[in-house]
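The next block holds one structure in the form of structure tokens; read it before the comments.
Side-chain atoms are counted along with the backbone in the values below, which use heavy atoms only and exclude waters and symmetry mates.
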2 protein chains.
Amino acid sequence: MNKDREAEILKTVDDSIRMEMKTFSEYLQKKGLKITNQRMLVAERIFSLHNHFTAESLLEEFKDQRDKISKATIYRILSIMVEAKLLQEHNFGQDYKYYEHIIGHTHHDHIICGDCGRIVEFMDERIEQLQEQAAASNGFKITGHSLNIYGTCLDPNCPNKK
Amino acid sequence: MNKDREAEILKTVDDSIRMEMKTFSEYLQKKGLKITNQRMLVAERIFSLHNHFTAESLLEEFKDQRDKISKATIYRILSIMVEAKLLQEHNFGQDYKYYEHIIGHTHHDHIICGDCGRIVEFMDERIEQLQEQAAASNGFKITGHSLNIYGTCLDPNCPNKK
DNA sequence: ATTAGTGCAAACATTTTGCACCTAT
DNA sequence: ATAGGTGCAAAATGTTTGCACTAAT
């Protein structure tokens with residue numbers, strides 16, 4: 001993929017994610033990594049997703065495309081994007097990891113419905129501050145945290161409600 | 001293992017964990033599960049541990065014993081004890097699970113040192129309550145939660161400090 | 001031309017399972 | 001006697017890696 005092709009992809013891309021795509025390709029260049037078709041296609045797909053996804057579900061998105069992308073490449077791109085801080089990795093207690101893109105998203109925590117798997121985001125500044133305090137009073141400097149609330153959603157319209 | 005053998009083990013066991021052992025064997029009986037040598041030995045070891053451990057580290061504890069216990073059995077016992085709510089499973093972001101026994105322990109969250117791997121427990125009732133609120137205002141009923149703070153311990157005596 | 005990326009299949013690490021044998025009830 | 005447990009090795013699962021080939025620089 002050359003500069004023209006990159007420009008072409010950036011042009012066809014939805015307005016809402018053009019900035020994200022640009023950030024990613026700039027990151028690649030800065031790191032001396034190549035701007036490949038696969039990387040652009042996967043990034044485009046990721047930035048278009050508005051849900052948390054897994055390596056598997058992402059791969060699934062390319063199943064019926066003429067542009068097949070291998071599982072190995074998916075994992076390799078995920079790892080670059082996490083490194084680039086464009087993507088955040090989550091562990092919701094299952095055996096596989098979840099991801100979500102974080103460009104332009106502010107920090108938040110998650111509530112996961114044990115019935116339907118729905119993931120809701122929330123953020124409480126008071127909790128954040130109490131965490132800072134807890135870490136400090138135990139002699140730690142925080143580098144990150146993960147707060148997952150597991151529960152049952154009371155939504156009667158929940159699609160997977162048992 | 002018969003009743004006598006069980007009684008014998010319970011007798012030789014350290015005072016501090018006799019209650020826990022009793023709870024476990026009662027659970028087994030109630031569920032129609034058998035009280036085996038392996039189950040008693042593994043439970044005894046687990047209740048004696050005062051740190052978070054993994055399946056691997058637990059297996060390691062039996063490496064040089066005349067009573068070898070297979071990996072499969074370790075996993076099977078862990079799963080029974082989690083089911084019995086004697087053991088809690090944790091995901092600290094690694095590829096393997098951590099466990100800790102929770103009989104007589106009150107709920108707490110964790111701070112994990114990225115340098116030395118040390119795990120510190122803490123608990124802040126205010127955070128707990130704010131979580132309840134967050135869940136409720138999003139229409140969820142909490143079934144559990146996991147709060148892990150990742151950080152760097154500032155302890156100059158930290159054994160693994162880089 | 002050079003360096004890096006891709007796809008495939010094989011390797012990995014952790015956990016689970018099938019099965020023949022063994023033990024608690 | 002019988003239902004259930006154990007150990008072993010094989011399978012399963014999610015992820016990573018070696019390598020020959022291909023594409024971006």
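With hydrogens and angles ignored, no donor-acceptor pair under 3.5 angstrom links the side chain of B:Arg76 to the base of D:dG4. Residue-to-nucleotide contacts include a donor-acceptor pair under 3.5 Å from the side chain of B:Lys34 to the base of D:dA3.
Residue A:Ser79 places none of its side-chain N or O atoms closer than 4.0 Å to OP1 or OP2 of D:dT16. The shortest distance between the side-chain N/O atoms of A:Arg39 and the OP1/OP2 oxygens of C:dG5 is below 4.0 Å. Residue B:Tyr75 has a polar side-chain atom (N or O) positioned under 4.0 Å from OP1 or OP2 of C:dT15. Within the structure, a side-chain polar atom (N or O) of A:Thr73 is placed less than 4.0 Å from OP1 or OP2 of C:dG7. Within the 4.0 Å cut-off from OP1 or OP2 of D:dG7, at least one side-chain nitrogen or oxygen of B:Gln38 is found.
Atom CD of B:Glu121 sits in a crowded spot, with more than 12 heavy atoms from other residues, nucleotides or ligands closer than 6.0 Å. No more than 12 heavy atoms of other residues, nucleotides or ligands sit less than 6.0 Å from atom CE of A:Met19. Within 6.0 Å of atom CD in A:Glu89, more than 12 heavy atoms from other residues, nucleotides or ligands are found, so the atom counts as buried in its surroundings.
Within 4.0 Å of A:Lys71, counting heavy atoms only, lies at least one base atom of the nucleic acid.
We find that OH of A:Tyr98 is positioned 13 Å from C1' of D:dG14, with the value rounded to whole Å. A straight line from CG of B:Asp95 to P of C:dT14 spans 7 Å, rounded to a whole angstrom. Rounded to a whole Å, the CD1 atom of B:Ile80 is 12 Å from the P atom of D:dG4. Between the CD atom of B:Gln29 and the P atom of D:dG5 there is a distance of 13 Å, rounded to whole Å. For the pair A:Asn37 CG and D:dC21 C1', the interatomic distance rounds to 17 Å; values are reported in whole Å. To the nearest angstrom, P of D:dG14 lies 13 Å from CD of A:Glu60. Atom CG of B:Leu78 is separated from atom P of C:dT14 by 14 Å (rounded to the nearest Å). When the P atom of D:dT6 is taken as reference, atom CG of B:Leu41 falls 11 Å away, rounded to whole Å.
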Chi angles and distances behind the side-chain contact (heavy atoms from CB on, under 4.5 Å) call for B:Phe122, B:Ile149 | CA-CA 10 Å; B:Phe122 77 98; B:Ile149 297 179; 3.7 Å; yes

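Nearest nucleotide to the A:Ile69 side chain, out of C:dG7, C:dT15, D:dT15: C:dG7. Here the nucleotide nearest the side chain of A:Thr36, chosen from C:dG5, D:dT15, D:dT25, is C:dG5.
For the pair B:Leu33 and B:Ala72, both in contact range of DNA chain D, the more 5′-proximal nearest nucleotide belongs to B:Leu33.
Between the side chain of B:Ser146 and the main chain of A:Asn148, no donor-acceptor pair closer than 3.5 Å is present.
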